[in-house]
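For reference, the structure discussed in these notes is given below.
These numbers were taken from a predicted model, which means no experiment stands behind them.
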Amino acid sequence: YAVEGERSSVFVKFIYNKCKVELELTGAVSEIEKLEDGRKHLNVTFDQAEVERYDYFMSLYEKRQKSINDFMELAKGY
């Protein structure tokens with residue numbers, strides 16, 4: 001249950017080759033869009049600190065993926 005203007009936690013889940021990583025972010029619900037099938041989409045506005053935390057996590061995740069790809073290419077002899 002969410003109300004516009006209230007703070008809410010959002011869980012972002014990444015799944016890659018059966019490896020699951022979750023990140024929890026907190027922001028304010030800025031809009032609730034009701035869909036025809038009864039579901040709702042929430043628009044959440046994040047504070048700058050949460051945006052920076054997400055960006056930092058993504059940069060680490062991307063470096064990890066690049067390292068895995070580089071290793072696989074070396075292992076295959078490319």
Check whether any side-chain heavy atom of Leu23 lies under 4.5 Å from a side-chain heavy atom of Phe11, and answer yes or no.
-> no
Side-chain contact, heavy-atom cut-off 4.5 Å: Leu35 with Glu33?
-> yes
Which residue pairs pass the salt bridge (charged side-chain N to carboxylate O under 4.0 Å, His left out) test when at least one of the two sits in residues 55-67, sequence neighbours left out?
-> Lys66-Asp70
Separation of Ser67 OG from Met72 CE (nearest 0.5 Å) = 13.5 Å
Between CD on residue Glu31 and NZ on residue Lys40, distance to nearest 0.5 Å | 13.0 Å
For residues Phe46 and Val10, determine if any side-chain heavy atom of one lies less than 4.5 Å from a side-chain heavy atom of the other.
-> yes
Asp47/Arg53 under salt bridge (charged side-chain N to carboxylate O under 4.0 Å, His left out): CA gap, chis, key distance, verdict = CA-CA 10 Å; Asp47 297 333; Arg53 201 171 130 230; over 6 Å; no
Those residues that, when tested against Lys20, pass side chain to side chain contact (heavy atoms under 4.5 Å, CB included) (two or more places apart) | Lys13, Ile15, Glu22
same_hphob_cluster(Ile68, Tyr61) at 4.5 Å side-chain heavy-atom cutoff = no
Which atoms form the tightest heavy-atom contact between Gly5 and Ala28, and what is the distance?
-> O-CB, 4.4 Å
Rounded to the nearest 0.5 Å, how far apart are OG of Ser9 and CG of Leu25?
-> 9.0 Å
Same apolar cluster: Val29 and Val51, side chain cutoff 4.5 Å = yes
